[in-house]
Each structure stands twice: as C-alpha cells, then as structure tokens.
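For reference, the structure discussed in these notes is given below.
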Amino acid sequence: MSFHTSKQNGVVVVDVDGQLIVGNRQELKQKVLDELEGGERKFLIDFSNTGYIDSSGLGVLVSLSKKIREQGGELRLANLNEDLRTLFELTKLDTLFNIADTRDAALTGF
Amino acid sequence: MAPNRGGPPPEGCAFVMELPSDLRVIEAAVGYLADRLRAYQFDGSRLNLNFRVGMAEALANAMIYGNGSDPEKRVRLEVELGPDEVSVQVHDQGPGFDPDRVPDPTLPENLDLGGGRGIFLIRTLMDEVRYNDAGNCVSLVLRRHEPLRRASGE
C-alpha cells in the first residue's frame, strides 16, 4: 500500500493504492499536512486503486477535511467504487464530503 | 455425493489464529481470512465490504481498546467457516468495555468527529454481533448470501 502525490491544475492529488486503514492512515495524514503547511489549499484524494477503508481511514479523512477547511481550503474525493460509496453512505459521510465520480469532475471548478 | 477434489471441505472447517497487538498485521490477517472465505464462494460486497471492513474493525478494537496496544498482549481468533456462513470470535486480553456506551457516529453533531465509527460499522456490516458480558470478546457472524435487507438506518 502506498500514497502517491502529484499536482494537477493547482490541486494536490493523492492516489491511495491499496487499503486506507488503521495501519497506514498516519502516513496519509502527514503527507497532506505537510502540503497544507507548505501553502497548498486544494486537495483531491483519488480512490481508483483503493481496496477498502476502515473507520480509522474515514476518521483521518474527516480530520484532514476539517483542518483544510480551517485554513480556507477544500478536500474533495473521487473514484469511490460501489463498496466505498456504500461505506460513506452508511456512515453519512457522503453528506460531509464533495465526492465526484471521476478525477476530472472533481478538478472541474475547484 | 461428488468427491471433494482438493477444494474446501464441504462441511466446513475451524481454526484458531493468534495475533500480536500490532496494527500492522491487520491487513495481512484480514487478507488471509478473506482468501479462506473466497474458497467457500464468498465474494463481491459481502467479502470486500462487509467482511473485510467488519473484521478489520474488530481486530483494531481488540488491539487498541481491548489490549491497550500492549505488545505483550495477544488477540485470539476462533474461526468457523462453512458453505453458508463464517463465524469469528475475537478475544482480547483486556478488562473489557461497554459497547453500548459508544455514541451514534451518524448523528449530525458527531459527523465530523475523527473517530468512533468502528463499533457502528461492525454492527452495520455483520449479520450477527454479540459481546460477552465482560466486553472482551465479540462474536461475529456473516452469512454468504445477503439476508433480507434491514430497514434503512438500522
């Protein structure tokens, strides 16, 4: 599992390869916080290659979103498969995040 | 009855696993169990969402809240796997806790909390969830076929 960071149209894009779970969530958190501290404000996390997310993974997304908002930025999510969508719906976190079907859709109007 | 040609025993199997309280082993443990379930034709969302997430939550809870992340303490899994369902008992070596004291993470005032969704997910994703009186063992059952859909919000 790993996190790959790139920049597209002024947006920091993080690809989550594998699982986002209690064992690796700190790595994602640190990567995003480093970028935030470096002045970045627009973030997109792409779940195209993500197997599953556990409650710790969801928690880190919520915490990051809050921190980014406090700095005047925004965190968007894209490419959730059907199971991940269900997870966000069950936890009602689909109401908290801007979730796009594709990376391009998420980047549009950012 | 057709002979069993190297596939899983049709009547099912039972085994025990012991894990250290190390969060890094959760992914491998859940992956191993998912492979065993796949041999019994568990697949799709039942395997990849309900089982994987529910199991990962139960292991994380046992390690963090049960065993207090004490590397000397272990988590014991008793697994019974058959063609229709899997049952897993997750024992930790902690003093236990009251699972009913955990607030509902889907209430509007709790939505932006960074934690507190683990037990909710276990209860939502597994078909049966029972804690022992002490609160240091949880019994989980997941059936291969989706049961009748539960009412929305339960």
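The analysis underlying the following values was restricted to heavy atoms, covering all of them including side chains, and did not include hydrogens, waters or symmetry mates. A note on names: the letters A, B, ... follow the listed sequences, proteins ahead of strands, and every chain is numbered from 1. These numbers were taken from a predicted model, which means no experiment stands behind them.
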CZ of A:Arg25 to CG of B:Leu23: how many Å apart, nearest 0.5 Å? 7.5 Å

Within this structure, what is the CG-CD distance for the pair A:Asp54 and B:Glu27, rounded to the nearest 0.5 Å? 10.0 Å

Do A:Leu33 and A:Phe3 land in one hydrophobic cluster if side-chain heavy atoms of ILVMFWY residues count as linked below 4.5 Å? yes

Heavy-atom check, side chain of B:Ile26 versus side chain of A:Gln19, under 4.5 Å: no

Can you pull out every salt bridge (charged side-chain N to carboxylate O under 4.0 Å, His left out) where at least one residue sits in residues 31-41 of chain A? Sequence neighbours excluded, please. A:Lys7-A:Glu40

Is chain B contacted by the side chain of A:Ser65, its backbone, both, or neither, given a heavy-atom distance below 4.5 Å? neither

I need the contact set between residues 67-90 of chain B and chain A: heavy-atom distance under 4.5 Å, sorted by residue number. none

Answer yes if B:Tyr131 and B:Leu125 sit in the same cluster of Ile, Leu, Val, Met, Phe, Trp and Tyr residues linked by side chain heavy atoms under 4.5 Å apart, and no otherwise. yes

Hphob cluster co-occupancy, A:Leu90 + B:Leu113, side-chain heavy atoms under 4.5 angstrom: no

For residues B:Met63 and A:Val22, determine if any side-chain heavy atom of one lies less than 4.5 Å from a side-chain heavy atom of the other. no

Using a cut-off of under 4.5 Å on heavy-atom pairs, state which of B:Asp22, B:Thr106, B:Asn48, B:Val25 scores highest against chain A. B:Thr106

Of the listed residues (A:Leu87, A:Leu61, A:Leu58, A:Val62), which shares the most heavy-atom pairs with chain B below a 4.5 Å separation? A:Val62

Relative to chain B, which segment of A:Leu96 carries a heavy atom at a distance below 4.5 Å: side chain, backbone, both, or neither? side chain

Contacting region of B:Val30 [heavy-atom separation from chain A under 4.5 Å]: side chain

Given a cutoff of under 4.5 Å between side-chain heavy atoms of I, L, V, M, F, W and Y, with clusters grown through shared members, what are the other residues clustered with A:Phe110? A:Val11, A:Val13, A:Leu44, A:Leu107

Give, as side chain, backbone, both or neither, the part of B:Leu111 having an atom under 4.5 angstrom from any heavy atom of chain A. both

Measure the CG-CD1 distance between B:Leu121 and A:Ile53 for me, rounded to the nearest 0.5 Å. 11.0 Å

Using a 6.0 Å cut-off, check whether atom CD of A:Glu82 has over 12 heavy atoms from anything other than its own residue. no

Assert top hit (heavy-atom pairs under 4.5 Å, partner chain A, pool B:Asp104, B:Leu49, B:Ile64, B:Val53) equals B:Leu49

For B:Tyr65, look at atom OH and say whether over 12 heavy atoms of other residues, nucleotides or ligands are found less than 6.0 Å away. no

Check for me, please, whether A:Ile21 and B:Tyr32 land in the same ILVMFWY cluster - side-chain distances under 4.5 Å, paths through other members count. yes

Residue set satisfying salt bridge (Lys or Arg N to Asp or Glu O under 4.0 Å) with B:Arg38, at least two apart, ordered chain then number -> B:Asp35

